[in-house]
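Have a look at the structure below before the remarks.
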Amino acid sequence: MPSESERIGGENLRIDDLWFSYGGKLSIYEGLNLDVRPGEFLGVIGPSGCGKTTLLNLLAGFYEPEEGAVTLRGQPIKPEDPHLGYVFQQPTLFPWLSAIENVEFGLRMQGMGEAERRERAQHYFNLVGLMGFEDYLIVRLSGGMQQRVNLARALAMEPTLLLMDEPFGALDAITRETMNDELLRIWDTLGQTVLFITHDIDEAIYLSDRICVLSRPPGGIFRMLDSELPRPRHGPTTRTGERFWGYKKSLINDIAEVTAQRPTSEEEIALLKRRKKIEESD
Amino acid sequence: MPSESERIGGENLRIDDLWFSYGGKLSIYEGLNLDVRPGEFLGVIGPSGCGKTTLLNLLAGFYEPEEGAVTLRGQPIKPEDPHLGYVFQQPTLFPWLSAIENVEFGLRMQGMGEAERRERAQHYFNLVGLMGFEDYLIVRLSGGMQQRVNLARALAMEPTLLLMDEPFGALDAITRETMNDELLRIWDTLGQTVLFITHDIDEAIYLSDRICVLSRPPGGIFRMLDSELPRPRHGPTTRTGERFWGYKKSLINDIAEVTAQRPTSEEEIALLKRRKKIEESD
Amino acid sequence: EEIRIGWVYAMANAPVLIADKQGYFKEQDLDVELLSFTSGPLVKQAMVAGELDLAYIGAPPIYHWYSRGLESKILAKVNYGQAAVTSRADSNINSLADLKGAKMAGVRKGSGMDVLLRGYVFGEKAKLTPDKDTQIISMPSGNMGPSLQSKVVDAAFMWEPFISQFVLRGNTKVIFDINEAEPRYPWYVISALPDTMKNKPDAIIKVLKAHKKAVDFLNSSDDAGNDIIASAFRLSEVTGPDGTVYSGTEVVKRARSRLGWEWSLNDNDVAFIQRLMNWSYDLGYIKKRLSTDDLIDRSFAAKAIQ
Amino acid sequence: MLGNPQAAADVNKLNRKVRRFEFSWSWFSIPSLLVVWMITATQFPAYILPQVWHVAQEGYEWVVSGDIWPHLQGSFLEIIGGFGLAIVLSLICGFVAGFNKGFREYIVPLNGLFMAIPPIAWAPLMLIVFGIGYTTIILVVLISAVNPMILTIMEGVLQITSQEVRAARVLGAKRWQLFVHVYLPASLPFVTAALRIGFSQAWRALVAAEMIGAAAGVGWMVQVGGEIGNARQVLLGIVMIGGFSYLFERLLFRPIEKKYEVWRLA
Amino acid sequence: MLGNPQAAADVNKLNRKVRRFEFSWSWFSIPSLLVVWMITATQFPAYILPQVWHVAQEGYEWVVSGDIWPHLQGSFLEIIGGFGLAIVLSLICGFVAGFNKGFREYIVPLNGLFMAIPPIAWAPLMLIVFGIGYTTIILVVLISAVNPMILTIMEGVLQITSQEVRAARVLGAKRWQLFVHVYLPASLPFVTAALRIGFSQAWRALVAAEMIGAAAGVGWMVQVGGEIGNARQVLLGIVMIGGFSYLFERLLFRPIEKKYEVWRLA
Ligand SMILES: Nc1ncnc2c1ncn2[C@@H]1O[C@H](COP(=O)(O)OP(=O)(O)OP(=O)(O)O)[C@@H](O)[C@H]1O
Ligand SMILES: Nc1ncnc2c1ncn2[C@@H]1O[C@H](COP(=O)(O)OP(=O)(O)OP(=O)(O)O)[C@@H](O)[C@H]1O
Ligand SMILES: [Mg+2]
Ligand SMILES: [Mg+2]
């Protein structure tokens, strides 16, 4: 159960002049800068394949930047950091554990006692609306249910930096809204720093303090939108306000613009040159 | 390339008094009836875990109904049926094949010649916006890109019955809209019968002739909504019309209602009785 | 005194068992550890490893290894006889000459019995060229009887007590008993490493004394020690063609018609060993000629009877 | 969705209970083998392939005379020692080879070579270095069993997706915990296959190894029985090996298999 | 995103080409073994462990005299026959066991038992039923190799997710196509492991089998060498077995491995 009495607070996350490519082949970032404030809720949107998941993997320390640095409280990040939580885009549940055991996993790794961790896990399990499915095998859960277990597993750790990669993509509209509000409630209580990838522009606006629009690789940040929607937010009111519509329109335009991006002819020439070089060195 | 000159037409799909449960444990359908007209575009929505994927698996012949029948043109369906296409909820690409080879897979199984199938595969590959990624390994594609390969693989078969399980869930808004329009264009040309599961109510309304709202198991169909939106549909116009809004509101209400469903106390009693029975027979 | 003796697990080596079971080693104040092996080469390997002081072993492995550098010596004789060529009772192979064109079961190429078969039986007696006039197929001795019966082979080079077992079953006959042609030819001998001879000469003499006593015991009558042998080698009953059941002890008794025990190496024995070495050389199993003068040391045996 | 949180869990458990008494085709494995044996035996003389009851009788005699115990005990200790070491070593090498490309590349060719070398070739060296006895035998057993085990475990580890590992790492699993809570359960099917293969190889090697001066043991019984043509003794030995296999299958391999059968075949 | 559709493809291909010349730790496997051998050999008398060059010299003599060819040829044909049959049989049984629970339950205990039975126990029966020669030898080889192969392939098949199979079925793959285009590629890593294990077991069984009635062969060389205390000949045989292993590793196992290495380790 979250220690609701105290705000555990969020982390300061910095990305400085980050360069990254997959095996030198496909350059994803060429000099990305980003400063996430402690306790900030940052939405990230961008076209499919633009490098959102890659960014989170860099932030979690799964990939090493080729140049530049990613730091949490001034330190490089390691995946094992107890302050880190990550909801993966693809469900990565452990099939040999039951649904609730999956949620308990991280707590068990911390050495938390059985009764305590069961209680905490159950809390988050119920929160994602899965009460009654505790003992289900993972393969017997529907896609959306798996995604919710995935979510509960990360939340149960009560991390101060929460990376979320399309966590609600497979949920129906109502469950999704409920999850949104639950997430905001938890965030309000604990005050973590959240990076939230989504394809749902409404969702991004509804949740975030700032929204980062990524362009096609290796473009980096296309636009950073500061939201001035008041908090606490409330479904019907927030979503229908004038400002909300303004943001939405502007973001739809942004996305349309970055989706339409194609490599310029100069870029194509550079690519051909590079190709030639490899051929010659062969 | 689709043989755009002729409409291949759709199939008549019937579900009669369908009963299904997972190992007698969790009853999903108790007497479902559904008649899908040839060439109809049927949207399916419902809360997470309500049995949408189960329904498609029954339609594809992966599961046997416990009672009742699922028939295509009056015949039971087999997964191998060449008229059947299925876009799975979880990406099920073959990691040992390149992206384009995955799209070619079905055509290869049909014994289509190499040049012809490459041409056809390339057509659908481009359609989903992946040009340039033909030779990529599956693991090197982003989540959304995998989903698009998945889609192209099913479309390339040009099936007359197309089952789609949240095919656009991992796509950004713009790509998703493009895909929607492409899908409608193909459907318009070939005239298949389409069953389309989605969590996006807008999408369901935009695409479908009828929208089926499923309730929590074992409820079956909660409501069947006949859409009278004119065709051909066109993004900005269709989505802003008065009728569209009416449908949307009504569906949101439906979803909210079914999501709120809980087993009645009678149902709980029945469950306890059943449990008792198993205990006694033990 | 502690001494470790390795022996090839064969009926012909019975004296070592008798000496142990009858307490002759103990009488000599020897603390003997007996280790049995299924083949001579294994005994030799154990000797190389310094795990054995003495060995009851056939002569060929001794000089095979001698030629490669392991200089153990032959001290005394253990037995004579045991090997014979057999064929199916109903076959028309009745003499060595009939082996021409036949298929014959033999033992592992290069083993001691193989030297005897190729060198003596084929080379000297039958005057046939093995692998040309006769096809020799090597197999574990346990497979020979079955192969003979199922006509996989026409003849077999076997030894006791298997010969007696199969003869008693009524479907096998002996066509050439080496002990008849070459009476009392030596087979198993006692061998020691130079180290043992230098460091434990007294123990060796005591072992030889016990050995002599065991041989004498076995020779005291036709039945002496037969049941000890039968049970030590777990010889099972044999059923004859007429349904008679022969006990293991009976089998041993029959076997002793082609096999006997002796402890001293006489000049005939030395000459036979020399012939064995020559055959081995001719067969290419050793690369240089050896002389029994280097290999045989009868001085310990002489001291044992003083 | 089930309203009662306990309901689904209970039904689940009950279901599992019922399954325990489920019919299994494995019940027929051994009986059918015995039937085949009995039928085949009618076609051959008893000194080549004795009947089941002859072997049973032979076994009875060995038991009554008490001769069997030193053999059983000897082999049992040797198998426990050799196979036990092989388990530890193959887990270490298999997992390291799974993680480390360099080590994998280095070890695979050696692995294939060592697997192919018959125990007879090791014997002299072992004998010299370790003398006659327990150590030499368990080493020969170890060498035979460990190589196929390493290979199988390695493939099992390689099959684990990096996503599962990432998920565990981000949940705070340290190296050792990763091993125990992710790599081990995920590769359990292959570890079990490795155990099965290794156990059998261990027995086979034992038959050869007990030739080196042991003069006792089930393997010795088989080898000597074969050498002197005592078919009953050979088959008694084989039956005993079969008994051991059955015991381990029931007490070790099957229980492990049960652990993953549910989630894997679901 | 790359605008030029060819570009990504080409870069990809180039990348693969470059990789072919990549450094590999497997280069050190054999040399390091030779070094260990040479060092060890200095500690032992030559009639137990001769030096590398002595064995090389022995090999040279065998080659010059031409004596080696019948042995090589004999063993090669036997391995090809026995191992070839084992491949076919283990693919069939392994896959059927993977698909069919009943068959799996039935076969696994038998499998473990047959793996544990040493070839010497088969020999007399085989000899009587199939006589002396090629058939008996390849059967003994087959029995030894096939069992661990079945088990490994079976586990590989079980590890294939039903989702992949469903996807292929719905794309119209018939039974046979499913096998060729899904089951086989998906289980390739385990098929390769099975091939490696089976090949080595085949050699080991061959050394034993060539004692039953063969008058030639590498296994025969090893056994006879042991019999007459010719350690050089024994080691020459082992080296030849190693050579065959290396050949198969390079020409068969490695190339198959390359096929799945890319996608699996990605
Ligand atoms: N293989 C299975 N064995 C047992 N129960 C299952 C299995 N697959 C699904 N279920 C159960 O059946 C119910 C319906 O699952 P299904 O996958 O059809 O849901 P869905 O409507 O597709 O949900 P989602 O939108 O989350 O994908 C769920 O309660 C789930 O737990
Ligand atoms: N392991 C990898 N190796 C090589 N290239 C990769 C790898 N993973 C991703 N890529 C490439 O990097 C680019 C960005 O991928 P990423 O997964 O970060 O996209 P994304 O923004 O998360 O997209 P989506 O919204 O579809 O999930 C894509 O072009 C993809 O092909
Ligand atoms: Mg992504
Ligand atoms: Mg679903």
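To find a chain, count down the sequence lines: A is the first, B the second, and so on, and within it residues start at 1. Values below: every heavy atom of this structure, side chains too, minus hydrogens, waters and symmetry copies.
Judged by distance alone, the side chain of S245(E) and the main-chain N or O of L113(D) form no donor-acceptor pair under 3.5 Å. Proximity of a side-chain donor or acceptor of S200(E) to a complementary backbone N or O of G112(D) within less than 3.5 Å is detected.
Considering every non-hydrogen atom in both L110(D) and S29(E), the closest pair reads CD2-O, 3.6 Å. Heavy-atom minimum distance, E105(D) versus W25(E): OE1-N, 2.7 Å. Residue P118(E) comes nearest to R204(D) through the heavy atom pair CA-CG, 3.7 Å, listed as atom of the first residue, atom of the second, then distance.
Both the backbone and the side chain of I117(D) have a heavy atom closer than 4.5 Å to some heavy atom of chain E. Proximity to chain D (any heavy atom under 4.5 Å) is shown, for Q159(E), by both the backbone and the side chain. For F114(D), the parts lying under 4.5 angstrom from a heavy atom of chain E are both the backbone and the side chain. For a residue to count as touching a neighbouring chain, one of its non-hydrogen atoms must lie under 4.5 Å from one of that chain's; by this rule E155(D) touches chain E with backbone and side chain alike. If you measure heavy-atom distances from I197(E) to chain D, the contacts under 4.5 Å come from both the backbone and the side chain. At a 4.5 Å heavy-atom cutoff, the contact between Q223(D) and chain E is made by backbone and side-chain atoms alike. Looking at I48(E), the atoms closer than 4.5 Å to chain D (heavy atoms on both sides) all sit in the side chain, from C-beta outward.
Remark: Y246(E) OH is loosely packed, at most 12 non-hydrogen atoms of other residues, nucleotides or ligands lying under 6.0 Å away.
Contact count versus chain D (heavy atoms, under 4.5 Å) is highest, among L33(E), T152(E), I30(E), V234(E), for L33(E). For the options P189(D), G219(D), A193(D), heavy-atom pairs under 4.5 Å to chain E are most numerous at P189(D).
Chain E is approached within less than 4.5 Å, heavy atom to heavy atom, by S144(D), P148(D), L151(D) from residues 139-151 of chain D, ordered by number.
Between the CD1 atom of I107(D) and the CZ atom of F28(E) there is a distance of 16.0 Å, given to the nearest 0.5 Å. Within the model, atoms CH2 of W203(D) and CE of M115(E) stand 14.5 Å from one another, a figure rounded to the nearest 0.5 Å. Between atom CD of residue E249(D) and atom CG of residue N111(E) there is a gap of 9.5 Å, rounded to the nearest 0.5 Å.
Applying the ring-ring contact (aromatic ring centres under 6.0 Å, His included) test to W37(E) and every residue at least two apart in sequence or in another chain returns nothing. The ring-ring contact (aromatic ring centres under 6.0 Å, His included) check on Y106(D) picks up nothing, with sequence neighbours excluded. Here F44(D) pairs with nothing under the ring-ring contact (aromatic ring centres under 6.0 Å, His included) rule; sequence neighbours left out.
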Handout entry: side chain to side chain contact (heavy atoms under 4.5 Å, CB included) evaluation trace for R254(E) with V108(D)
Key = CA-CA 10 Å; R254(E) 244 336 258 168; V108(D) 164; over 6 Å; no
